[in-house]
**Student:** 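This is the structure I want to talk about, given as structure tokens.
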Amino acid sequence: NFTIDGSMDHQAFKVLAGIRNEPIHFKLDADGSLAGEWPAVKFNLVIDSLKPAGLNLTDRNIIYRGNLSGNFRSVNPDSLDGNLYVTRSLLVDSATRFSIDTISLAAAVTDTGQVIALNSSLINAKMYGRFKLTETGKIFQKTIDPYFNIIPDSVSLDSSYDFRIAATIANFNQWKILAPELKQLDTVQLDGHFSGNGNVQARFTAPAVTYGANQVQGLVITAENSNNALQVRSSLSKFNMGNSLAIYNTNLDADLANNNIDFAVNTRDKGDTTNYHIEGSFALLPNKSYQFSLKPDSLLLNKEKWNITAGNKIIIDTNNIIAEDFNLSQNGQSLQIATLREQPRQPLDVNFSKFRIGTLLSFIKPDTAIADGELNGKVTLHNLTKDMTFVGDLTINNASVNKDTLGDLRVLVSNPQQNNYEADITLTGQGNDVNLKGNYLINPGTNGTFKARLDLRTLQMKSMDGLT
């Protein structure tokens, strides 16, 4: 049911087209010229009905109607000149009808560059100054490149750009039409200035956004070049992901300079007491590998001061991941990551000794003991950068979930052959005696298969309270 009728006369064209069937019904009337370096076009598109479910785009029973009209003297994206309007939009969701205000896009070339402005009840955005729209992605990369080299030398870019961006996202009531799970949306704002001479200033704020059970409050991110570095500062009052993750009063700061990122992460609980403080660096080395290290004098984990060996580093390249002197310790607890250089392909050993797993899990929910226990044993990782495999022998003494103690948990994992893992898991103590033995076979390109035998010799049902 698709019809099209067109004509061409001295590089001037006319097109009449339409579709009339169940999922989509529209009419298009367009004309323009191919005489210039880039086409000029004028069009009017009337969408009588568009049913995304019929096009397998969504399961929701949505119908859209509206008009799209445009008049562009040039469609060259680097010197766009014209206007686009979306009018008379009506969205029908089941039995509910929503009218959407006019959306307009205006683009023009001026004496000082160009302007592109989007205006609607949902988003308002403006980009103005000297820029090429087709190079926008490269420009944002170029913003970082003088401080941390991420652009290949072969990539060229016109460095005469100098432009500003201003954008806001608002109107909770209309956004809720498109996203029914949205419960709160305070105005989100982005402002920025980018220049080829190295000037960078950007600020992003999201005061409060709640979608379903997920919530962000007080998010502020800024970036500017100062003291020969690109300084990024961010703060977050609260972040919730359902009941599984809750982070409060978090700051992440980074200074980029000379292919090195100095960073600091700080989180505080509801009472504003510091839970975690981590400082370190991430560097691009001359051989194009990366080096990660932690500063030894400022490490705080779950409100406790930790020690880490001076000179610690983890080097990442295309062939392997190498760890040197990466030893964390605190009052008898330790976590050691080391490369076994004497073994073929140099696997990575991760050793735990009396390590409280709550030390790390409290970062996820600082006010709730999700799980705890004393972790001992090791995991060995092979082929880290390609087709990674691992074997492990771990024991968690007095393992608990949500403050309910389960007992002692031992986990043995072996990798007798490629794509095949065997596990032997035993829970003893607290009146429990449970064993699970299984085999997981990875089938590349398809779903894996898991076979296991569960031996419930003794299980106290009260041990399951923390799991429910």
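We use all heavy atoms of the structure for the numbers below, so side chains are in, but hydrogens, waters and symmetry mates are not.
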**Student:** Just to verify, what does Glu324 make a salt bridge (charged side-chain N to carboxylate O under 4.0 Å, His left out) with, not counting sequence neighbours?
**Tutor:**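 Expected list: Lys313, Arg341.
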**Student:** Would you find more than 12 non-hydrogen atoms of other residues, nucleotides or ligands less than 6.0 Å from Arg130 atom CZ?
**Tutor:**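 More than 12 within 6.0 Å, yes.
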**Student:** Going by the salt bridge (charged side-chain N to carboxylate O under 4.0 Å, His left out) test, which pairs reach into residues 214-230, not counting sequence neighbours?
**Tutor:**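 Every pair satisfying salt bridge (charged side-chain N to carboxylate O under 4.0 Å, His left out) with a residue in residues 214-230: there are none.
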**Student:** What is the distance from atom OG of Ser289 to atom CD1 of Ile315, rounded to the nearest 0.5 Å?
**Tutor:**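 Interatomic distance, Ser289 OG to Ile315 CD1, rounded to 0.5 Å: 6.0 Å.
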**Student:** Just distance, no hydrogens or angles: give the donor-acceptor pairs under 3.5 Å from side chains in residues 194-213, sequence neighbours left out.
**Tutor:**
residue	atom	partner	partner atom	Å
Ser195	OG	Asn197	N	3.4
Ser195	OG	Asn197	OD1	2.8
Ser195	OG	Asn197	ND2	3.4
Asn197	OD1	Asn199	N	3.0
Asn199	ND2	His193	ND1	3.1

**Student:** Taking salt bridge (charged side-chain N to carboxylate O under 4.0 Å, His left out) as the cut-off, I'd like each qualifying pair that reaches into residues 163-175, sequence neighbours left out, listed once.
**Tutor:**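 Matches after skipping sequence neighbours: none remain.
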**Student:** I'd like to check Thr250 versus Asn266 (side-chain heavy atoms, cut-off strictly below 4.5 Å). Are they in contact?
**Tutor:**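 They are not in side-chain contact.
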**Student:** Which pairs count as salt bridge (charged side-chain N to carboxylate O under 4.0 Å, His left out) when at least one residue sits in residues 254-263, sequence neighbours excluded?
**Tutor:**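 Listed once each, the pairs are Arg233-Asp255.
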**Student:** Arg65 versus Leu90: any side-chain heavy-atom pair under 4.5 Å?
**Tutor:**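 Counting from C-beta outward, Arg65 and Leu90 do come under 4.5 Å.
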**Student:** Please enumerate all residues that pass salt bridge (charged side-chain N to carboxylate O under 4.0 Å, His left out) together with Asp393, with sequence neighbours excluded.
**Tutor:**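 Salt bridge (charged side-chain N to carboxylate O under 4.0 Å, His left out) check on Asp393 returns Arg410.
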**Student:** Applying side chain to side chain contact (heavy atoms under 4.5 Å, CB included) between Ile322 and each of Thr339, Leu384, Ile314, report the one that passes.
**Tutor:**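 Only one option passes, and that is Thr339.
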**Student:** Applying side-chain hydrogen bond (donor to acceptor under 3.5 Å, both in side chains), which residue pairs with at least one partner in residues 213-222 are found, sequence neighbours left out?
**Tutor:**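 Qualifying pairs: Gln215-Lys238.
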**Student:** Do the non-hydrogen side-chain atoms of Leu118 and Ile103 ever get within less than 4.5 Å of each other?
**Tutor:**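 Yes. Closest side-chain heavy atoms under 4.5 Å.
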**Student:** What pairs meet the ring-ring contact (aromatic ring centres under 6.0 Å, His included) rule with one or both residues in residues 401-432, with sequence neighbours excluded?
**Tutor:**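 Those involving residues 401-432 are Phe390-Tyr421.
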**Student:** Sequence neighbours left out, what passes side-chain hydrogen bond (donor to acceptor under 3.5 Å, both in side chains) with Glu22? Give chain and number order.
**Tutor:**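 Counting only residues at least two positions away or on another chain, Glu22 forms a side-chain hydrogen bond (donor to acceptor under 3.5 Å, both in side chains) with Lys51.
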**Student:** Which residues satisfy the side-chain hydrogen bond (donor to acceptor under 3.5 Å, both in side chains) test with Asn251, sequence neighbours excluded?
**Tutor:**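 Arg268.
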**Student:** Strictly under 6.0 Å, is that where the ring centroids of Trp306 and Phe355 end up?
**Tutor:**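 Ring-ring flag for Trp306/Phe355: true, centres closer than 6.0 Å.
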**Student:** Quick check: Phe282 with Tyr290 (ring centres under 6.0 Å apart)?
**Tutor:**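 Distance test on ring centres: under 6.0 Å, yes.
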**Student:** List in chain and number order the residues that pass salt bridge (charged side-chain N to carboxylate O under 4.0 Å, His left out) with Asp455, two or more places apart in sequence or in another chain; answer none if no residue qualifies.
**Tutor:**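 With sequence neighbours excluded, Asp455 shows a salt bridge (charged side-chain N to carboxylate O under 4.0 Å, His left out) to Arg457, given in chain and number order.
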**Student:** Any chance CG of Asn397 has more than 12 other-residue heavy atoms, nucleotides or ligands included, within less than 6.0 Å?
**Tutor:**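 Result for CG/Asn397: enclosed.
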**Student:** Does Lys378 have any salt bridge (charged side-chain N to carboxylate O under 4.0 Å, His left out) partners at least two apart in sequence or in another chain, and if so, which?
**Tutor:**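 Asp349.
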